[in-house]
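Naming convention: chains lettered A, B, ... in sequence-line order (proteins, then strands); numbering from 1 in each chain.
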Protein chains: 2
Amino acid sequence: MSQRKTTGDAVARVTIRDVAERAGVSVASVSRVLSGSNYPVSDTVRSRVMQVVRDLDYVTNAHARSLAGMGTPTVAILINNVTAAAFAHIAKGVEGAATLRGWLSLVGTTGDDPERELALVDLMRQQGVAAVVLLGGAYDHDGYQLRMARFARSLDAVGSHLVLVGRPPLQGDVPATTVDYDNESGAYAMAGHLLSAGHRRILTLPGPAELSTAQGRLNGARRAFEAYGVPFDRGLLRQGPYDEAYGYAAVDAALHETPDFTAVLAGSDIVAAGAMQALRAAGLRVPEDVSITGYDDIPLASQLTPQLTTVHVPYEEMGRVALHAVADRRKSAGAEARRTGPNAEHLVLGTHVVVRNSVRSSKRYPRVTASVRTATKVSR
Amino acid sequence: MSQRKTTGDAVARVTIRDVAERAGVSVASVSRVLSGSNYPVSDTVRSRVMQVVRDLDYVTNAHARSLAGMGTPTVAILINNVTAAAFAHIAKGVEGAATLRGWLSLVGTTGDDPERELALVDLMRQQGVAAVVLLGGAYDHDGYQLRMARFARSLDAVGSHLVLVGRPPLQGDVPATTVDYDNESGAYAMAGHLLSAGHRRILTLPGPAELSTAQGRLNGARRAFEAYGVPFDRGLLRQGPYDEAYGYAAVDAALHETPDFTAVLAGSDIVAAGAMQALRAAGLRVPEDVSITGYDDIPLASQLTPQLTTVHVPYEEMGRVALHAVADRRKSAGAEARRTGPNAEHLVLGTHVVVRNSVRSSKRYPRVTASVRTATKVSR
DNA sequence: TTGAAAGCGGTACCAG
DNA sequence: CTGGTACCGCTTTCAA
């Protein structure tokens, strides 16, 4: 019934030539009808082409189209772990915004492996993606700056662009866009919340020592302690990976070694969940005996009992913002032809404390409001 | 410093021709060196090419390569919602297996919108993806079968393939692969667990009435009731969307209308979480006063207090299995040239109950082991 | 308005 | 072994 030719063993895809032939017009005309070119085409030709397209269920070959110059812009999202709720939300934001703009999105997971990250960046470069978005905190050691700068430049060289989301911005004149949240202020506010509720012995579980986000959260907490004139006790600081087990183990150990803490300042909601379990296992109640706070405000936070007081990070919005930033950039780059000024952009979104039921006043102290919500834009 | 020509306003990407020229060899040689062709190439040429590639930071153009026939196979994953934990796990499985085989993965989200689903399938067809994987339960109304059959055929026509994961298989000779789990048996086992623990008044919250997975879960439960000779009371059945609010509202209402239930059989872990909150809000303890079970076994299940007894669904494995199925299929299709026999495949993975702490014996009844773990393969 | 033909960047076949 | 070149499928001048 169909005229498709079968070349050897595979069904040959219907091409624009097949359509042209069957419609009795030239391929140029078919292209003009289908590519949304505003070039004049008679209605007869147009309708005849459309009819054949429907009959043959034809779709244009995206690769050929890209080669010829008019491809769909694609954004590549590189994640460490798809199942991490926070990352999934950023990805959702990027993907949603991409779709809205008619962009396509590719996803790759690195599993925290630098080798794989490099391979993926290269792969995306081959794909000619419009932008590569790297998600999540970065480990500070082994030349993160250099590594990213290299990525940024090699992507820039092929007309692509690097976007860092939730990662530290790059120093110097590196062609990359950073979308970040006010990590440290969030931690400052959260710790302040605990301190103003009268807590003084606070078990602090910021996360992995080398991870940029964990460092920021720790710094924020220390600044809050300082502001309240409370000495920071290193004995109450325990670092470890962002997972439940860490929260559990840290509390468990602290219960033996420094059992006088009245609150746990966790570096993430997941860690808080682990901490909560450890407290329960020890027969302690939350928040009656010990208060707990989290960070991230992923859905889990409100599913726990008691619901977790935590720091809200606008993950999905960051994803959206990131995509819009590159998309706009791309548009204006087309107009201005050559970049005139600086090439790096740094967007910072605000965070704020969400008060739920996992914190209880320990004594009476002046209460301080510590909600930060700012959207700063720093171009350099 | 670099020899890249700047055409008008955009940086021209380094091409294979640039490399050839600079290395003083032909493009054919460069291609042979880079495309992994096992064609003989002298070491001198090879090393000279590699050197230039490094100097120029050259990467091949994936679109051109695809056009020429030797592109990277790509799998498209279409999800309703990236942030749903279960889907994220399937996606992870697919992505991981794809990577392992050197495949690329594209992700698109449909937001439960059929229009968008159609648009995406078309888009993927344009991209010439090797397979399109559709994730998650399907709504049974408005000709799901017809719709999917159409997708399957149109993908098949361009040499692609439809894969349904966690969705009902297609009837008739439709070219599609289905990877499913034993949904109904899981529900049967879970309900049986509750029944054998002595519960008789069980509030059943399977999920949305029209969703295939919810239907299966309800059927499984009913069969278990039957097997135990317990009449199924429709007054204890409440349907609704798979979310926390539904679980909360349903329990809340039941507490007023049919407060004699001793257990809640939730259609998903999320729903169970909502149910748990409603019980707590009413001053009831879990599991002392009321037992709860979930379904899915997402991480949340073990993060709740008490940890949730639930049905484990091998989501990530399903994703892996799905990818391997299409990949293998593709390989053999190349060898056999033309399909010889039937074209549809249906893989079913097993589910099993994970006993944790949210269920308590109500009276004493003979205990029944109800763990199902089978991997059935039905080719037709 | 329409059609013919020149690329876009690679791959692979065919001569040397 | 190496180089020349005919495609792959589509977009876009350039003429007609």
Enquirer: With sequence neighbours left out, write down each residue that passes side chain to side chain contact (heavy atoms under 4.5 Å, CB included) with B:Thr72, or none if nothing qualifies.
Expert: B:Leu104
Enquirer: To the nearest 0.5 Å, what is the distance between NZ on B:Lys92 and OG on B:Ser105?
Expert: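 The NZ atom of B:Lys92 sits 13.5 Å away from the OG atom of B:Ser105.
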Enquirer: Going by number, which of residues 26-38 of chain B have a non-hydrogen atom under 4.0 Å from DNA chain D?
Expert: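 Here the set is B:Ser26, B:Val27, B:Ala28, B:Ser29, B:Arg32.
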Enquirer: Supply the atom-to-atom distance A:Leu123 CG to A:Leu118 CG, rounded to the nearest 0.5 angstrom.
Expert: 11.0 Å
Enquirer: Quiz question: by atom type and distance under 3.5 Å, do the side chains of A:Ser37 and A:Ser35 form a donor-acceptor pair?
Expert: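 The answer is no; no qualifying pair exists.
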Enquirer: Show the nearest heavy-atom pair for residues A:Ala20 and A:Val30, with the distance to one decimal.
Expert: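 That closest heavy-atom pairing would be CA-CG2, 3.6 Å.
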Enquirer: Taking only residues two or more places apart in sequence or in another chain, which ones pass side chain to side chain donor-acceptor pair (under 3.5 Å) with B:Thr109?
Expert: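 Once residues adjacent in sequence are excluded, the partners of B:Thr109 under the side chain to side chain donor-acceptor pair (under 3.5 Å) criterion are A:Glu95.
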Enquirer: With rounding to the nearest 0.5 angstrom, report the OG to CZ distance, A:Ser160 to B:Arg13.
Expert: 9.0 Å
Enquirer: Go through DNA chain C in 5' to 3' direction and return only the first and the last nucleotide with some atom under 4.0 Å of chain A's heavy atoms.
Expert: C:dT1 to C:dG9
Enquirer: Partners of A:Ser47 by side chain to side chain contact (heavy atoms under 4.5 Å, CB included), sequence neighbours excluded?
Expert: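 Expected list: none.
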Enquirer: In residues 39-50 of chain A, which residues come under 4.0 Å of DNA chain C by heavy atom?
Expert: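 When residues 39-50 of chain A is checked for heavy atoms under 4.0 Å from DNA chain C, the hits, listed by number, are A:Tyr39, A:Pro40, A:Val41, A:Ser42, A:Val45.
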Enquirer: What distance do A:Leu67 atom CG and B:Arg65 atom CZ have between them, rounded to the nearest 0.5 Å?
Expert: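 Nearest 0.5 Å value for the CG-CZ distance: 13.0 Å.
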Enquirer: Taking salt bridge (Lys or Arg N to Asp or Glu O under 4.0 Å) as the cut-off, I'd like each qualifying pair that reaches into residues 113-123 of chain B, sequence neighbours left out, listed once.
Expert: B:Glu117-B:Arg147, B:Glu117-B:Arg167, B:Asp122-B:Arg125
Enquirer: With sequence neighbours excluded, give me every ring pair (Phe, Tyr, Trp, His ring centres under 6.0 Å) pair touching residues 41-67 of chain B.
Expert: A:His63-B:His63
Enquirer: Estimate the overall bend of the helix from C:dT1-D:dA16 to C:dG16-D:dC1 from the end axes over five pairs each, rounded to 10 degrees.
Expert: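 Comparing the axis at each end, I get an angle of 40°.
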Enquirer: Quick one: list whatever passes side chain to side chain donor-acceptor pair (under 3.5 Å) with B:Thr110, sequence neighbours left out.
Expert: B:Asn80
Enquirer: Give me the residues of residues 67-75 of chain B where at least one heavy atom lies under 4.0 Å from an atom of DNA chain C, by number, or none.
Expert: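 Contacting residues: B:Leu67, B:Ala68.
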Enquirer: Would you check if there is a donor-acceptor pair between the side chains of A:Arg48 and A:Gln51 at a distance under 3.5 Å?
Expert: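 There is no such pair between these side chains.
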Enquirer: Report yes if the side chains of B:Arg101 and B:Asp328 come closer than 4.5 Å at any heavy-atom pair, otherwise no.
Expert: yes
Enquirer: Roughly how far apart are B:Leu134 CG and B:Ile77 CD1, rounded to 0.5 Å?
Expert: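 If I round to the nearest 0.5 Å, the distance is 11.0 Å.
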Enquirer: State the CD1-CG distance between A:Ile90 and A:Leu323, to the nearest 0.5 angstrom.
Expert: 13.5 Å
Enquirer: What range of DNA chain D does chain A touch, first nucleotide to last, counting atoms under 4.0 Å from its heavy atoms?
Expert: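 Extent of the interface on DNA chain D: D:dG9 to D:dC14.
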Enquirer: To check you understand the geometry: which heavy-atom pair defines the closest contact between B:Leu56 and B:Arg22, and what is its length?
Expert: CD1-NH1, 3.2 Å
